Structures are given as C-alpha cells and as structure tokens.
There are 2 protein chains.
Amino acid sequence: MSDPDLFVAHVPGIQYGVLDSLLGYAVRRAQIRVYEAFILALEPWGITPPRYSAMVIVSLNPGLKLTQLAKIMGIARSGAVILVDALEELGYMERQPAPEDRRAFSLALTPKGRTDLARISAVVQEQDQRVISGLSTAEQTELHRLLLKLCAIPD
Amino acid sequence: MSDPDLFVAHVPGIQYGVLDSLLGYAVRRAQIRVYEAFILALEPWGITPPRYSAMVIVSLNPGLKLTQLAKIMGIARSGAVILVDALEELGYMERQPAPEDRRAFSLALTPKGRTDLARISAVVQEQDQRVISGLSTAEQTELHRLLLKLCAIPD
DNA sequence: TATTGTTATACTCTATAACTATA
DNA sequence: TATAGTTATAGAGTATAACAATA
C-alpha cells in the first residue's frame, strides 16, 4: 500500500538549498502541479497529455504524416507510431492511405475522435483555469508571456 | 502585456489551436526547454534531475530515511529504493544502519558524493543561468515568483 | 540513395501490490 | 497491526538502430 500522495512543493523542516534558487526546479514543480488534475481528469478517456496534443494537432492539421507529427511534437518517429497506435486503438484516430505516397499515411481523427476531443478540450481548459485561478488576470498573462519568452531564447 | 510577435516553438504552417491558450502547455514546453541542457551537462556524472534533487536533499538533511525521501520528492517508496540504489551504485550515497530502528536506513552522501555534488551544483546553476539569460533580471525574478505562487495555490 | 513507417530493444520514471523483518 | 524497505510487475514516454517497401 504505498501512497505517493500529491506532490507537495516543500515539506516543513526540510532544507532544499540550491533547489530553491533554480528556476528549472520551479518550472518542474509547476509543471507537475499543473499536470496533476489534468491527468486525473483525462484518465476516463484513456488520454494523456501527449495523446491530447496529438489529437489537437491532427484535428487542426488533417492529412499530416507520422513523420511530420513526430517533428511537430519533438519526438522520434518510433514514438509517433506508438502514439498513433494508442489513439487508433481508442478509436480516436485513423491512418488513411496517402494518395500521393504509398509509403505514407494521412492521419485524421475519427468522428468519435472529433466529438470526444471537443469535450476533452472543455475539461482541459477548465482544469487549466482552475489551477491558475489563484493568480490575477495580469499575473496569468505575464506568466504565460515569460514562459513563451523562455522557450524563444536561442541556444 | 502580451507580445503577439514573440517567437513560439512552433513548426511553421502548423495550427496549434487550444494548446496555445493553455498555461499548462506553456509550462510543459518551458520545462522541456530548461531541462535539455541540464540533462546533457549532467550525463557525464550519471546524474539525472531526480537523482540530483535526491543528492541535494540528502546532503542538507542527513539521516533521512527512504520513506521520508520518497515523501519529500513526491514519489512512491519503491521509487526511492531505485533512486538510492542508482546513487549507491554511482558511489554518491550510502545506506547507514539507523540506530533507533533496525528496519530503517539513514541516508548520507559519501565523501565522493559530497565532493562531486559541489561541482555538479556549479554546472547546474551555470546551465540554469544560461537558459534564462534572455530574460531581464526583473523578468527572472517575476517568473520565479509566479511559478512559486502557482505551486502554492491550494487544490 | 533517401525516406516512410515499422519493429526490436533499452532506459528512465513512475505506479500498485505483495512480501520480510522489524516495531 | 502497522511501518520500513524491498521486490515483482506494469505502463508511459523516450531513444537508437535496423529493416522492408517505396520514392
């Protein structure tokens, strides 16, 4: 009966030292925090964050090939195969023959995928809002801006 | 406040839809971004982010038991066993018999662990600084503050 | 030759559950 | 009975490398 509890940022009486000064550690903790409710809420659909991302991207960019999806998501092609396999098994996505290239498949959501994605997105947005509801609107906007700017800094 | 012309880690010509409005998605991307260089820099030591966190926490709170470490890190006890096994195999940490409880172990860094942790922390802080160097000092402070505030919001 | 999708394999991180030895 | 550590097992998520079919 191990119980991983919910992640707590700081256990009282414990020294965290340099971890407290690292922005990377704060980002990581925030990510865990934001994902917790998110993952729980999506469990009934068999959906995880990467699967959700793939569904959104394919829904808005129908006809994508697996290699393109992998590139967009920043993962290996073999990872895209596994992702699409899972979504296909859930009945949310399908491989359609690509007319212009017999090696490739065009990805598309199934009708069930389109219907459920709308409801899943509603839940996701609701959870996202709930988690950040302790920040003022200005703070939410500023946090989003700074996170995007962080990602935009070149190597 | 928001900067619509800010570069986003997007593949040109691809629609991201709702993902762009989710703070959780921005946090996730930022976390991946911050961890990239971090993971690469630590590879020579056999150290990963969770292993690094465990080393820092044990170094500052010597005598912790595995169950306490698991609780502090927000993972299951079985995960703490694997973590400590790996650090013990690397020669960085050791289980010492707990005088007051023959079931338990007191965790401590080895001399090598203490020496290497100082150098590892230097690299980690350097990478952390490098990644956020595109933000002004005020922006870095504000981002850190908002991330901590996000984690502090009760469920 | 190069590319597309696939498979095989491996590693990290995480989980739950059952076990042991103590408490 | 409860707790500390362990082991067994599983499942995501990721990677690299090799392969067949096609370009």
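Just so it is clear, the model here is predicted, and its values are computed rather than measured. Just the heavy atoms: all of them, side chains too, but no hydrogens, waters or symmetry mates, feed the values below.
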May I ask you to verify if any side-chain N or O of Arg102(A) is less than 4.0 angstrom from the OP1 or OP2 atom of dT3(C)?
no
Rounded to whole Å, CD of Glu36(A) lies from P of dT14(C) at a distance of 12 Å
Rounded to whole Å, the NZ-P distance (Lys71(B) to dG5(D)) equals 14 Å
Checking dA2(D), dT6(D), dT6(C) against the side chain of Arg103(B) (C-beta onward), the nearest is dA2(D)
In whole angstroms, the gap separating C1' of dC11(C) from CD of Glu89(B) amounts to 14 Å
- For the residue pair Phe38(B) and Tyr52(B), categorise the inter-ring angle as parallel (less than 30°), tilted (30 to 60°) or perpendicular (more than 60°). perpendicular
Here the distance between atom P of dA18(C) and atom CZ of Arg77(B), to the nearest Å, is 13 Å
Okay, side chain of Arg114(A), backbone of Leu109(A): is any donor-acceptor separation there less than 3.5 Å?
yes
Separation of dC13(C) atom P from Tyr35(A) atom OH, nearest Å, is 18 Å
*NZ (Lys149(B)) with more than 12 external heavy atoms under 6.0 Å*: yes
Side-chain atoms of Arg95(B) come closest, of dA23(C), dA18(D), dG5(D), to dG5(D)
- Counting distance only, does the side-chain N/O of Gln127(B) pair as donor-acceptor with the main-chain N or O of Ala41(B) below 3.5 Å? no
| message | Treating Gln129(A) as the side-chain partner and Glu126(A) as the backbone partner, does any N or O pair qualify as donor plus acceptor under 3.5 Å? | response | no
Gln31(A) atom CD is separated from dT14(C) atom P, nearest whole Å, by 11 Å
Any donor and acceptor pair, going by atom type alone, linking the side chain of Glu94(B) with main-chain N or O of Leu107(B) inside 3.5 Å? no
(message) Taking Tyr16(B)'s backbone N and O only, do any of them form a donor-acceptor pair with Asp20(B)'s side chain (distance below 3.5 Å, no angle check)?
(response) no
Inset, instruction - Look at the side chain of Ser59(B) and the backbone N and O of Val56(B), then say whether any donor-acceptor pair between them is shorter than 3.5 Å. - result: yes
Atom CG of Leu69(B) and atom P of dG5(D) are separated, to the nearest Å, by 10 Å
note: Asp101(A), atom CG; dT22(D), atom C1'; distance rounded to Å ~ 7 Å
Report each atom pair, protein N/O against N/O of nucleotides 11-14 of chain D, whose distance is under 3.5 angstrom.
from, atom 1, to, atom 2, distance (Å)
dG13(D), OP1, Thr48(A), OG1, 2.8
dG13(D), OP2, Thr48(A), OG1, 3.4

Any stem touching DNA chain D, meaning at least three consecutive Watson-Crick or G-U pairs under 3.5 Å, ordered by first number, would be C:1-23 with D:1-23
Taking every heavy atom of Asp128(B) against every heavy atom of Gly24(A), the minimum-distance pair comes out as OD1-N, 2.8 Å
